[in-house]
2 protein chains.
Amino acid sequence: MQNSEALSLSFALLATAGELVRRINDGVVARGFEGRSAYGFAFTRIAAGGATVSDLAGHLGVTKQAASQLVDELVRKGYVERRPHPRDARARLLVLTERGWANTRAAEEAAADVVREWSALVGEEELRALGRQLLRIAPNGPIRPSW
Amino acid sequence: MQNSEALSLSFALLATAGELVRRINDGVVARGFEGRSAYGFAFTRIAAGGATVSDLAGHLGVTKQAASQLVDELVRKGYVERRPHPRDARARLLVLTERGWANTRAAEEAAADVVREWSALVGEEELRALGRQLLRIAPNGPIRPSW
DNA sequence: AAAAATGGTCAAGTAGGTTGACTAGTTCGG
DNA sequence: CCGAACTAGTCAACCTACTTGACCATTTTT
């Protein structure tokens with residue numbers, strides 16, 4: 001595989017990722033929530049349960065200070081609460097409020113809308129295969145907010 | 001396709017894109033160049049020929065002021081020169097210096113290294129198919145430096 | 001029980017964008 | 001062919017989202 005082919009793949013990958021993020025965010029805003037793009041990815045981690053600030057930092061690939069600031073913002077906007085952690089008095093357990101859950105669902109729906117469109121474009125089975133391959137390439141890597 | 005599947009695809013896509021950018025940048029640094037991640041993508045546009053600041057801004061999906069600042073930096077570091085534009089006295093034609101070309105080649109090699117590794121992981125033909133599908137999904141969209 | 005590591009926050013600094021205002025040159029409508 | 005509207009580029013000021021560094025309270029290690 002020549003260099004030019006590698007480059008073209010790189011471009012396509014980054015353009016697709018950028019469009020996905022943009023459209024998820026648009027979709028969330030259209031559903032009546034305010035929020036930066038990173039919100040959705042923070043929500044899914046918090047929704048999974050048992051999340052702390054440090055977990056979130058690892059998930060997003062940023063420092064724990066940055067994650068803490070993000071959580072501040074989410075708390076201020078009423079999406080998340082900090083609770084005492086049952087097994088570690090240093091840590092705080094992050095939990096979604098009702099509005100946080102609603103925002104999370106909105107993000108999921110927006111993502112599903114985009115993916116549905118792509119599915120129509122390249123074929124459902126092909127898209128599924130694409131997902132499987134991407135998962136093999138980068139299984140649970142961080143979802144960095146920028147590059 | 002359910003929401004959870006769409007989410008998993010989204011995660012995989014973003015994690016993969018993030019890893020690609022990180023590793024291209026590491027590869028370029030390892031080859032002796034300094035530079036932010038956005039450099040490589042600016043270089044490929046400038047290398048293509050006929051680029052102006054506005055073109056670059058469109059390519060990167062940022063304002064022309066931001067693109068101009070990036071070009072300042074590239075000029076200061078000796079990668080790019082601003083030349084008078086042959087057909088428009090307002091515009092400046094961006095051209096790579098010899099060192100700029102070397103950096104561009106380094107970025108291409110680094111990208112090729114990563115893609116080669118992925119190729120071994122999922123199969124060359126599969127990866128090629130993946131590239132084709134991504135190109136259908138997001139043909140020449142901007143390569144945004146962040147989300 | 002002392003030492004080292006970890007979870008979290010506060011504070012300050014910074015990179016890399018943004019918006020707004022402006023100049024110089026170009027294109028368009030009458 | 002000339003004034004109005006537009007476009008390329010830059011300067012300046014600002015802002016957002018991240019970083020580094022210092023610190024305290026807890027937990028884990030030895």
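Residue numbers start from 1 in every chain, and the chains themselves are labelled A, B, ... in the order their sequence lines are given, proteins ahead of strands. Note: hydrogens, waters and symmetry copies are ignored here, and every other heavy atom, side chains too, is used. Everything numeric here is computed off the predicted structure, so don't read it as measured data.
In terms of the side chain to side chain contact (heavy atoms under 4.5 Å, CB included) criterion, residue partners of B:S54 (sequence neighbours excluded) are, by chain and number, B:T52, B:K64. Residues passing the salt bridge (Lys or Arg N to Asp or Glu O under 4.0 Å) test with B:E19, sequence neighbours excluded: B:R23. Residues satisfying the side chain to side chain contact (heavy atoms under 4.5 Å, CB included) criterion with B:Q69, sequence neighbours excluded, are absent altogether. Residues satisfying the salt bridge (Lys or Arg N to Asp or Glu O under 4.0 Å) test with A:R92, not counting sequence neighbours, are none. For A:V71, the side chain to side chain contact (heavy atoms under 4.5 Å, CB included) test picks out A:V53, A:L56, A:V75, A:R82, A:L94, with sequence neighbours left out.
Pairs of residues two or more places apart, or lying in two chains, that qualify as salt bridge (Lys or Arg N to Asp or Glu O under 4.0 Å) and include a residue from residues 39-52 of chain B are B:R45-B:D55. Here side-chain hydrogen bond (donor to acceptor under 3.5 Å, both in side chains) pairs that include residues 129-145 of chain A, with residues two or more places apart or in two chains, number zero.
Residue B:R36 has a polar side-chain atom (N or O) positioned under 4.0 Å from OP1 or OP2 of C:dG17.
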Output a table of donor-acceptor pairs, distance under 3.5 Å, between side-chain atoms of residues 104-112 of chain A and any protein atom two or more places apart or on a different chain; print 'none' if there are none.
from, atom 1, to, atom 2, distance (Å)
A:T104, OG1, A:G100, O, 2.8
A:E109, OE1, A:R31, NE, 3.0

What nitrogen or oxygen pairs link the protein and nucleotides 2-5 of chain C at under 3.5 Å?
none

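Rounded to whole Å, atom P of C:dG7 lies 15 Å from atom CZ of A:R82. Rounded to whole angstrom, the span from the CZ atom of B:F41 across to the P atom of C:dG17 amounts to 13 Å.
Across residues 16-23 of chain B, not one residue has a non-hydrogen atom less than 4.0 Å from an atom of DNA chain D. For the segment residues 43-70 of chain B, residues with any heavy atom less than 4.0 angstrom from an atom of DNA chain D are, sorted by number, B:T52, B:V53, B:S54, B:K64, B:Q65, B:S68.
At least one side-chain heavy atom of A:R36 sits under 4.5 Å from a side-chain heavy atom of A:L70.
Counting 5' to 3', DNA chain D first comes under 4.0 angstrom of a heavy atom of chain B and last does so at the ends given by D:dT7 to D:dC11.
Ring geometry for B:Y79 against B:F33 counts as tilted: the plane angle lies between 30° and 60°, on a 0 to 90° scale.
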